[in-house]
Asks: 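There's a structure below that I have some questions on.
Protein chains get the first letters and strands the later ones, always in sequence-line order, with residue 1 at the start of each. Values below: every heavy atom of this structure, side chains too, minus hydrogens, waters and symmetry copies.
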Number of protein chains: 2
Amino acid sequence: MRQRPPLTPLIAALPSTVPFVGPEAQERDRGRAFRARIGANESSFGPSPRVIERMAGIARDMWMYCDPDNFDLKQAVARHLGVGAENVVVGEGIDGLLSLVARMYVAPGDAVVTSLGAYPTFNFHIAGVGGRLVAVPYEDDKESLDRLLAAAVRDKAPLVYLSNPDNPMGSWWEAAEIIRFIEALPETTMLVLDEAYGELGPASALPPIDVSRPNVIRMRTFSKAYGLAGIRCGYAVADAQVIRDFEKIRNHYGVSRMAQTAGVEALADQAYLESVVARVSAGRQRIAGIAETNGLNPLPSATNFVTIDCGNDGAFALKVLQGLLARDIFIRKPMVPVLDRCIRVSVGLDHELDILAEEFPGALATARGN
Amino acid sequence: MRQRPPLTPLIAALPSTVPFVGPEAQERDRGRAFRARIGANESSFGPSPRVIERMAGIARDMWMYCDPDNFDLKQAVARHLGVGAENVVVGEGIDGLLSLVARMYVAPGDAVVTSLGAYPTFNFHIAGVGGRLVAVPYEDDKESLDRLLAAAVRDKAPLVYLSNPDNPMGSWWEAAEIIRFIEALPETTMLVLDEAYGELGPASALPPIDVSRPNVIRMRTFSKAYGLAGIRCGYAVADAQVIRDFEKIRNHYGVSRMAQTAGVEALADQAYLESVVARVSAGRQRIAGIAETNGLNPLPSATNFVTIDCGNDGAFALKVLQGLLARDIFIRKPMVPVLDRCIRVSVGLDHELDILAEEFPGALATARGN
């Protein structure tokens, strides 16, 4: 019996279960493909045709390493947001940036505040650095700014996570409320403000970008409205010193050449973005209508999905989800109590929502045991 | 004056200088492009035409998240190497995997053994977890297996890094020597055996893959022979438990959908790989010939570059490098004494090596002050 090189105590204590199950894994298990892929808040409308053409055109160039500075993309983001390039860092999606932020601000045992039922990948990365997660309940299906603030103060948290608009509930706060929250936070608490869905909700939900405030990191992504989830590219905007601190540990060659170029091209086609936003808005209305037709309550959404209150407990909503999966419709649902009475349906293409409309009554009847 | 959220003590202690300067940054500084890009050990021959076509064909699909299991690519790698898929983990290049290995095995203050002048990105990631780097000198321009072993034993290192074939010297050990080294390592020491250049040297340098040994992680990449440096994809092969341990902290959505598909397609075109290996071999001979024509000594190489001994000290070799840069030829050089007497030239296209041949005498004359 050989010895095994020991993991560090911190890593050894982590669970070794695989935390994320993609639709591909479900398809492999089921042995057949989904007919509607409307569960991962992807943009079924795809990236801009300009972006597609550009990606195809540079495939040959992939023999060259990516620019470790992400220079062109940082310039483009900076122009787009009216900040300096020194206020921008690019990462392998928001997920990659969250992993860095966890390492930068959270020492083992530190309290980190989030909402109960919010982004699991954030929690995963906090666990990975030995942080102690303090999760406060939602209030009326919104992340509770009051509870987040109280917990951050009480537990002297170095880090707080807030998504606005929110996943998985689709809810949002107006900018004035977010600003009030930021101003009340201790100066020693860093806020990660995850705005992955920022382009898809009302503009009034996004505070003006203020890089003079050293305890806020805004995060955005090309995965949602820009239709580039598979390319892995997101960015963070913050005070220049905070951005410089990312240099200490980030994987400088982590964001592919394909992603950097796609990001630049995506930002350049704002007309396409506007068309997606309009189609997402129409899709949300359609999903809400399907829910209502079936006697269920769709929650208001500022994202590319609609969370549907199934009007019963978590076990019932789970049955509805399973009924839809069995009918080859990929959706997901919140799993934390109170929120778990809901299912979450991403805006898909018309033919996918047709399938949803067609199959919803059957799934609901099965769940009700009719 | 506002307070600033403090970094963790570990991160606060790290230097905030930008550690990696790409050729793009040099081109921006110079205000003009290089005529020959032969400094980053990229494959100027590009990826397989099949891979290029496939990447172009799936650009539209990038709205879908990547498979977090990397299922298809793991299967393809497993088949290619004759191991199980449970012995494979895929990452954002070897760089991304090195970052994870550092976090898995190195606690603050732990000694980590490498060679003085070996891969800087490994050192960067060790610093990022507070590891104490123990760097042993090369011996006759090869990484010294004896010194690495002695240091690992003496300092009870949880982690040792060895690249074979080696960067930046291009040297290599035969498999029998590597196996002897592995067998002599303490069971509590994990070896990262970086085989990024494995496809480009003699097959006799690669030990058979043995996943029953729990203290060896072999790393390979699509960045070198497969010509996909810009797509960011590498993999590690190890004991199944070691692979499961990566699940605890890896960024599950880190490897793009484009990269996963490109990797599968690249492995499927071994005929193209063989043609690249032949062209690289011819290119090495050509570079060696250019060095010899100029009275310098090219070192033997099992990689896609040739390290050239400029026959003097580091200051002189630096002047040769600067002379070539000034003539719009991008190359690099080792910076650590003894090795620093050399410059390192990657195999490029014929027209790039023509430029090298043409400009080398001038650069050398300038360096000599003639």
Asks: Quick one, V51(A) and M62(B) - any side-chain contact, counting heavy atoms below 4.5 Å?
Replies: no

Asks: What part of Y226(A) lies closer than 4.5 angstrom to a heavy atom of chain B: side chain, backbone, both or neither?
Replies: neither

Asks: May I ask you to name which of C66(B), A262(B), G46(B) has the most heavy-atom pairs under 4.5 Å with chain A?
Replies: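 Greatest number of close heavy-atom pairs with chain A: G46(B).
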
Asks: For each of R244(A), R60(A), K224(A), M55(A), tally heavy-atom pairs with chain B at distances under 4.5 Å, and name the one with the top tally.
Replies: R60(A)

Asks: Which region of V242(A), side chain (C-beta onward) or backbone (N, CA, C, O), has a non-hydrogen atom less than 4.5 Å from a non-hydrogen atom of chain B, or is it both or neither?
Replies: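 It is both, since atoms from each part get that close.
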
Asks: Would you give the length of the straight line joining atom OG1 of T8(A) to atom CG of L159(B), rounded to the nearest 0.5 angstrom?
Replies: 11.5 Å

Asks: Before you tell me yes or no, could you show the steps for L228(A) and W63(B) under side chain to side chain contact (heavy atoms under 4.5 Å, CB included), namely the whole-Å CA-CA distance, both residues' side-chain angles and the distance that decides it to 0.1 Å?
Replies: CA-CA 5 Å; L228(A) 286 166; W63(B) 63 272; over 6 Å; no

Asks: Which bit of F124(A) is near chain B, if near means a heavy-atom gap under 4.5 Å: side chain, backbone, both or neither?
Replies: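 Looking at F124(A), just its side chain touches chain B.
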
Asks: Hey, what do you get for CG (N251(B)) to NE2 (H125(A)), rounding to the nearest 0.5 Å?
Replies: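 These two atoms lie 4.5 Å from each other.
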
Asks: Between P15(B), P9(B), A127(B), who has the most heavy-atom pairs with chain A when the cutoff is under 4.5 Å?
Replies: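 Ranked by contacts with chain A, first place is P15(B).
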
Asks: Looking only at heavy atoms, what is the nearest atom pair of A56(B) and A59(A), with distance?
Replies: N-CB, 4.3 Å

Asks: Do you know which of A107(B), A40(B), P214(B) has the most heavy-atom pairs under 4.5 Å to chain A?
Replies: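 It is P214(B).
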
Asks: Less than 4.0 Å between a side-chain N and a carboxylate O, is that true for D245(A) and R4(B)?
Replies: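 Not counted as a salt bridge, because no side-chain N and carboxylate O are separated by less than 4.0 Å.
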
Asks: From I231(A) CD1 over to D61(B) CG, what is the distance, rounded to the nearest 0.5 angstrom?
Replies: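 Between atom CD1 of I231(A) and atom CG of D61(B) there are 10.5 Å.
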
Asks: Do you know which of V21(A), L98(A), D69(A) has the most heavy-atom pairs under 4.5 Å to chain B?
Replies: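 Going by pairs under 4.5 Å, I would pick D69(A).
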
Asks: With a 4.5 Å cut-off on heavy-atom pairs, point out which of A259(B), G128(B), G57(B) contacts chain A the most.
Replies: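 Ranked by contacts with chain A, first place is G128(B).
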
Asks: Report the option among R54(A), E92(A), E247(A) that has the most heavy-atom pairs separated by less than 4.5 Å from atoms of chain B.
Replies: E247(A)

Asks: Measure the spacing between CG of L10(A) and NZ of K248(B) and express it to the nearest 0.5 Å.
Replies: 10.0 Å

Asks: Measuring heavy-atom distances to chain B, does R103(A) have an atom under 4.5 Å in its side chain, in its backbone, in both, or in neither?
Replies: both

Asks: Answer yes or no: does atom CD of E53(B) have more than 12 heavy-atom neighbours from other residues, nucleotides or ligands under 6.0 Å?
Replies: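 Counting neighbours around CD of E53(B), 12 or fewer heavy atoms of other residues, nucleotides or ligands fall under 6.0 Å, so no.
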
Asks: For chain A, which of S44(B), A12(B), G22(B) has the most heavy-atom pairs under 4.5 Å?
Replies: S44(B)

Asks: Heavy-atom distance under 4.5 Å to chain B: side chain of T121(A), backbone, both or neither?
Replies: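 Contact with chain B is absent: no heavy atom of T121(A) under 4.5 Å.
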
Asks: Using a cut-off of under 4.5 Å for heavy-atom pairs, which of P49(A), P23(A), P158(A), P68(A) has the most such pairs with chain B?
Replies: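 With the most close heavy-atom pairs to chain B, the winner is P68(A).
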
Asks: Could you walk me through whether E24(A) and F71(B) pass the side chain to side chain contact (heavy atoms under 4.5 Å, CB included) check?
Replies: CA-CA 9 Å; E24(A) 291 82 4; F71(B) 184 87; over 6 Å; no

Asks: Tell me the closest heavy-atom pair linking Y65(A) and R37(B), and the distance in Å.
Replies: O-NH2, 3.6 Å

Asks: Of the backbone (N, CA, C, O) and the side chain (C-beta and beyond), which part of E42(B) lies under 4.5 Å from a heavy atom of chain A, both, or neither?
Replies: both

Asks: Roughly how far, to the nearest 0.5 Å, is the CE atom of M258(A) from the OG atom of S256(B)?
Replies: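 Between S256(B) OG and M258(A) CE, I get 8.0 Å after rounding to 0.5 Å.
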
Asks: Measure D239(A) against the heavy atoms of chain B and call it side chain, backbone, both or neither at under 4.5 Å.
Replies: side chain

Asks: Answer with side chain, backbone, both or neither: which region of S99(A) has an atom nearer than 4.5 Å to a non-hydrogen atom of chain B?
Replies: side chain

Asks: Among C233(B), S223(B), A25(B), which residue has the highest count of heavy-atom pairs closer than 4.5 Å to chain A?
Replies: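 Option with the top pair count is S223(B).
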
